[in-house]
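Proteins get letters first, then strands, A, B, ... in listed order; numbering begins at 1 in each.
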Amino acid sequence: MKMSQLFSKTLREAPAGAESKGYEFLLRAGFIRQLGAGIFSSLPLGLRTVRKIENIIRAEIDAIGGQEIQMPLVNPADIWKETGRFYSIDKELSRFEDRTGRDMVLAMTHEEAATDIARGEIDSYKKLPSLIYQIQTKWRDDPRPRAGLIRVREFTMKDSYSFDKDWEGLEKQYKAHYEAYFKIFGKCGLPVIAVGSDSGMMGGKVAHEYMYLSPIGEDSIVICPDCGLTANRQVATFKKEIFSEDPLEMEEVHTPGTKTIDDLATFLDIPKSKTAKGVFMMGSYTNDEGEEYEELICAVIRGDLDVEEAKLQNAAKANGLRPAHEDEIRAQGIVPGFGSPIGTAVKNIIVDDSVSSSNNLVAGANKEEYHFINTNFERDFNGTVADIASAAEGYICPDCGTPLTMSKGVEVGNIFQLGTRYSEAMGCSFQTEQGKRAPVIMGSYGIGVGRLLACLAEETSTETGLQLPITVAPYQVHLVGLVKNSTVPEEIYEELQRRGVEVLFDDRKASPGVKFNDADLIGIPNRITIGNRGLKENSVELRVLGEEESSMVPITEIADRIQQIISSQISAIYDTMVVKSL
RNA sequence: CGGGCUGUAGCGCAGGGGCUAGCGCGCUUGGUUCGGGACCAAGAAGUCGGCGGUUCAAAUCCGCCCAGCCCGACCA
């Protein structure tokens with residue numbers, strides 16, 4: 001590609017609002033342009049990179065038996081009604097009516113569409129296992145897009161769907177993805193870790209997320225520095241100290257001005273772990289008619305811990321949670337600040353196991369300025385016991401007892417064992433060897449392509465610009481021509497192209513400074529500079545980005561040299577790739 | 001959805017009731033320069049986010065709306 005013909009231009013200054021380095025350079029180098037909040041166009045350089053990422057993904061998913069298909073972005077709402085997600089997912093799922101008034105949705109993921117295809121195509125165990133995937137646009141109307149390409153509304157995603165006749169089969173496909181994902185991220189040059197995760201709106205049991213650890217991330221990751229346990233904070237467990245003792249008689253005590261646990265503990269001169277706090281949320285639910293309703297949830301947790309909302313939502317089997325308003329709390333006979341489930345009308349009570357395994361805790365008396373001391377689970381109040389506590393820095397690893405550390409991460413991929421959640425809801429079954437019908441066992445596996453690019457830009461950028469790895473960089477060589485009245489640059493360009501090397505040739509009539517700065521900004525891994533100095537000795541300058549020194553190479557050897565370098569750069573990435581297995 | 005900020009040329013910004021709306025970069029033409037964002041000269045380019053109001057007069061004041069960014073709620 002000749003830069004004089006390149007569609008995009010580089011920007012000297014960062015557009016307003018480009019907060020992170022990676023995002024700024026993607027804009028300035030002309031990879032992407034913004035069209036609206038969370039909506040981006042890919043320009044030629046950006047699209048070339050995206051295509052390379054996609055092809056790496058294709059190769060690895062093909063290698064584990066995937067067959068590429070394409071499903072539509074617009075789905076009839078019917079299939080989303082079949083699984084109930086039409087009702088349970090909030091405004092993030094965009095709905096509209098077609099001209100005849102039929103409900104339609106813009107697909108934010110494709111479990112429904114994939115299951116619909118599968119129920120048509122898979123009729124026998126002989127067709128299983130099978131794996132389909134696509135690389136396609138998704139629309140999720142995120143309430144708050146931000147951080148450039150990290151959190152967008154329209155994005156490209158690779159999503160695969162596995163179908164099996166039994167759980168062993170699912171397990172196998174799941175493991176295959178687990179490894180394939182490490183290869184994909186490894187070949188792209190992005191360091192990631194796999195963490196145990198919440199299955200969220202996907203349903204299902206086992207799930208992992210692939211996290212790029214970075215301060216720009218919005219997910220909190222719990223890491224055990226000793227045994228290597230990793231988990232999203234949404235599901236991370238930890239060892240809770242247990243304080244059990246003989247139950248004592250419950251008593252009401254006057255506790256003026258103690259609306260918070262800190263105040264209460266100070267006032268009574270007890271540790272926070274001797275208190276139980278009530279956290280009140282409104283959970284949204286769907287009834288059998290598909291109508292939404294809300295119900296107050298009272299979460300009870302020991303005063304020294306905090307509630308993890310994702311865990312609470314799962315334990316309460318709610319579609320969503322929001323903090324309850326004061327009047328909603330009072331309507332159940334609870335007094336905010338002095339609240340607990342004791343003596344109230346609340347039915348939906350979730351009790352953290354820290355509370356059920358402790359005794360004689362101080363809890364709200366639902367009366368202004370009063371608390372009960374010596375409250376005990378089961379004797380004084382009841383509820384569903386679950387782990388709803390949020391892990392934090394320094395908490396104890398449940399596996400090895402080491403203090404945990406926390407890190408921020410960006411989720412670039414995820415894998416879910418769905419089981420029969422969709423196949424049962426949509427009647428996707430097959431005939432077994434015994435001649436019976438059984439629901440297909442499913443898995444779903446996603447990678448955010450644009451987000452992966454954004455993370456790569458973040459990870460590899462230098463002070464002066466991008467520096468994407470050779471495997472995904474838009475071009476392999478940047479040829480900078482500084483000489484006039486010489487056919488050498490054009491000849492080298494043509495020779496490299498003839499050999500299949502991907503070259504960006506700066507043939508513009510611009511000053512050397514402009515060309516070098518643009519080359520730095522775009523950051524193609526190898527740079528050949530043709531200047532008068534070298535030309536006198538029939539050589540050109542070769543610079544490999546990331547290396548200190550550049551070298552002079554005879555014109556006759558440059559094509560061979562560059563091909564060697566490119567292949568060694570690719571093998572260096574492949575060789576250092578860390579692939580983990582489940 | 002709550003709070004804050006911003007919308008003026010392609011990009012970054014200044015201007016803040018009155019006369020022809022400016023600056024830097026970028027862009028066009030001509031010339032010089034030619035290994036780290038060169039210089040000279042001449043140009044092109046604006047519904048001042050939109051609608052309405054106040055006024056003799058609005059980019060400027062007022063109201064409503066829209067869009068984008070940041071923080072939070074939210075989120076695969």
Side-chain angles (χ1 to χ4, degrees), chain A residues 8-20 23-24 27-28 30 33-40 85 89-93 107-111 138-148 150-153 155 157-159 197-204 207-211 217-220 232 234 281-282 284 309-310 313 319-323 409-416 444-448 450-451 464-465 480-486 506 508-521 527-536 540-541 543 550 552:
Chain A
S8 59
K9 66 175 178 185
T10 55
L11 305 174
R12 286 207 181 183
E13 289 175 281
E19 299 272 309
S20 74
Y23 178 37
E24 179 191 328
L27 287 167
R28 285 184 52 204
R33 292 288 181 256
Q34 182 170 19
L35 184 57
I39 307 176
F40 288 84
R85 289 208 289 186
I89 297 176
D90 201 32
K91 287 184 182 152
E92 217 183 340
L93 176 66
M108 54 196 291
T109 173
H110 282 82
E111 280 75 18
K138 304 277 183 272
W139 170 261
R140 294 185 190 178
D141 198 359
D142 195 291
R144 174 132 139 68
R146 67 182 116 187
I150 300 282
R151 197 169 142 182
V152 293
R153 296 193 293 172
F155 58 99
M157 184 171 178
K158 185 290 299 178
D159 43 328
S197 75
D198 183 35
S199 52
M201 67 170 180
M202 293 299 179
H208 284 88
E209 290 169 341
Y210 289 76
M211 291 287 177
E218 296 188 59
D219 284 282
S220 294
N232 193 310
Q234 294 179 331
M281 308 288 290
M282 293 303 286
S284 52
E309 282 190 25
Q313 183 174 330
N319 296 331
L321 292 181
R322 65 169 175 84
V410 181
E411 180 190 348
V412 286
N414 52 41
I415 55 178
F416 296 102
S444 114
Y445 317 83
I447 290 178
R451 192 180 269 189
T464 53
V480 181
L482 298 179
V483 289
K484 280 197 197 118
N485 309 319
S486 164
D506 196 343
R508 295 174 301 173
K509 275 177 70 176
S511 71
V514 169
K515 292 186 176 188
F516 286 132
N517 278 291
D518 278 350
D520 289 342
L521 191 56
R527 184 179 309 167
I528 298 170
T529 306
I530 303 162
N532 283 318
R533 285 187 212 152
L535 225 46
K536 283 182 198 143
V540 295
E541 181 188 333
R543 178 151 172 250
S550 60
M552 298 307 291

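Across all strands shown, rA41(B) pairs with rU29(B); the Watson-Crick or G-U wobble distances both stay below 3.5 Å. rC74(B) is unpaired under the Watson-Crick or G-U wobble criterion, no partner having all donor-acceptor distances under 3.5 Å. As the counterpart of rC48(B), no nucleotide is assigned, since no Watson-Crick or G-U wobble pattern has both distances under 3.5 Å. Across all strands shown, the partner of rC69(B) is rG4(B), judged by Watson-Crick or G-U wobble contacts whose two distances both fall under 3.5 Å. Summarising the base pairing, rG22(B) is matched to rC13(B) through a Watson-Crick or G-U wobble pair whose two defining distances lie under 3.5 Å. Judged by Watson-Crick or G-U wobble contacts below 3.5 Å, the nucleotide rC34(B) has no partner. In this entry rA57(B) has no Watson-Crick or G-U wobble partner, no candidate having both defining distances under 3.5 Å.
Both stacking criteria are satisfied for Phe155(A) over the base of rA76(B): a centre-to-centre distance under 5.5 angstrom and an angle between ring planes under 30 degrees.
Ranking rA76(B), rG36(B), rG37(B) by closeness to the Arg527(A) side chain, first place goes to rG36(B). Checking rG36(B), rG35(B), rG37(B) against the side-chain heavy atoms of Arg12(A) singles out rG37(B) as nearest. The side chain of Arg543(A) lies closest to rG36(B) when the candidates are rG35(B), rG68(B), rG36(B). In this structure, of rA76(B), rA38(B), rG36(B), it is rA76(B) that holds the atom nearest to the side chain of Glu92(A). Of the candidates rA38(B), rG36(B), rC74(B), the closest approach to any side-chain atom of Pro512(A) belongs to rG36(B).
The same atom, C1', is picked in rG26(B) and in rG37(B); the two are 12 Å apart, to the nearest Å. Taking atom C1' on both rC39(B) and rA58(B), the two are 41 Å apart, rounded to the nearest angstrom. Nucleotides rC40(B) and rG50(B), compared at atom C1', are 43 Å apart to the nearest Å. Nucleotides rG46(B) and rG10(B) have their P atoms positioned 8 Å apart, rounded to a whole Å. The P atoms of rG22(B) and rA45(B) are separated by 13 Å, rounded to the nearest whole Å. Going from the P atom of rG72(B) to that of rU20(B) covers 49 Å, rounded to whole Å. Nucleotides rC23(B) and rG15(B) have their P atoms positioned 15 Å apart, rounded to a whole Å. The separation of rG36(B) from rA21(B), taken at their P atoms, amounts to 41 Å, rounded to a whole angstrom.
Distance Asp219(A) CG to rC74(B) P: 13 Å, rounded to the nearest Å. One can place CG of Leu482(A) at 9 Å from P of rG36(B), the figure rounded to the nearest angstrom. One can place CG of Leu35(A) at 16 Å from C1' of rC69(B), the figure rounded to the nearest angstrom. To the nearest angstrom, P of rG35(B) lies 12 Å from CD of Glu541(A). We find that NZ of Lys509(A) is positioned 13 Å from C1' of rU28(B), with the value rounded to whole Å. Here rC74(B) presents its P atom at 20 Å from CG of Leu93(A), a figure rounded to the nearest Å. The CD-P distance, from Glu218(A) to rC74(B), rounds to 12 Å in whole Å. In this structure, Glu19(A) atom CD and rU6(B) atom C1' are separated by 13 Å, rounded to whole Å.
Remark: Arg33(A) engages no residue in a salt bridge (Lys or Arg N to Asp or Glu O under 4.0 Å) (not counting sequence neighbours).
Contact annotation: the side chain of Thr529(A) approaches that of Phe516(A) to within less than 4.5 Å [non-hydrogen atoms, C-beta and beyond]. Residues Asn232(A) and Met211(A) meet the side-chain proximity criterion, which asks for heavy atoms closer than 4.5 Å. Inter-residue side-chain proximity for Val152(A) and Lys138(A) is flagged as unmet; no heavy-atom pair is nearer than 4.5 Å. The shortest distance between side-chain heavy atoms of Ile530(A) and Leu535(A) falls below 4.5 Å. A 4.5 Å side-chain heavy-atom check between Thr109(A) and Arg85(A) finds at least one atom pair inside the cut-off. In this structure the side chain of Arg144(A) reaches within 4.5 angstrom of the side chain of Arg151(A), judged on heavy atoms.
Residue Val152(A) is classed as a base contact, given a heavy-atom separation below 4.0 Å to a base. Using a 4.0 Å heavy-atom criterion, one finds that Gln234(A) contacts no nucleic acid atom at all. Nucleic acid contact class of Asp518(A) (heavy atoms, under 4.0 Å, all strands): base. At the heavy-atom level, Gly531(A) lies under 4.0 Å from base atoms of the strands shown. Looking at heavy-atom distances under 4.0 Å, Arg33(A) makes no contact with the nucleic acid at all. Residue Lys138(A) is out of contact with every strand shown, counting any heavy-atom pair closer than 4.0 Å. At a threshold of 4.0 angstrom between heavy atoms, the contacts of Ala18(A) with the nucleic acid are absent.
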N/O-N/O pairs, protein side and nucleotides 12-15 of chain B side, under 3.5 Å:
from, atom 1, to, atom 2, distance (Å)
rG12(B), OP1, Ala16(A), N, 2.8
rG12(B), O2', Glu13(A), OE2, 3.1

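Side-chain to base pairing of Arg508(A) with rG37(B): no donor and acceptor N or O lie closer than 3.5 Å to each other.
A salt bridge does not link Lys9(A) with Asp518(A): none of the charged nitrogens is closer than 4.0 Å to a carboxylate oxygen. Electrostatic pairing of Arg153(A) and Asp142(A) does not count as a salt bridge here, judged by no charged N lying under 4.0 Å from a carboxylate O.
A close approach under 4.0 Å does not occur between any side-chain nitrogen or oxygen of Arg451(A) and OP1 or OP2 of rA76(B). At least one side-chain nitrogen or oxygen of Gln34(A) sits closer than 4.0 Å to the OP1 or OP2 atom of rC69(B). An OP1 or OP2 oxygen of rC71(B) is reached within less than 4.0 angstrom by a side-chain nitrogen or oxygen of Arg144(A). Under 4.0 angstrom from either OP1 or OP2 of rC75(B) there lies no side-chain N or O belonging to Arg151(A).
Comparing Lys91(A) and Pro143(A) along RNA chain B, the residue whose closest nucleotide (by nearest heavy atom) sits nearer the 5' end is Lys91(A). Comparing Ala147(A) and Leu521(A) along RNA chain B, the residue whose closest nucleotide (by nearest heavy atom) sits nearer the 5' end is Leu521(A).
One N or O on the side chain of Asp506(A) and one on the backbone of Arg508(A) form a donor-acceptor pair closer than 3.5 Å. In this structure, Arg140(A) contributes its side chain and Met108(A) its backbone to a donor-acceptor pair below 3.5 Å.
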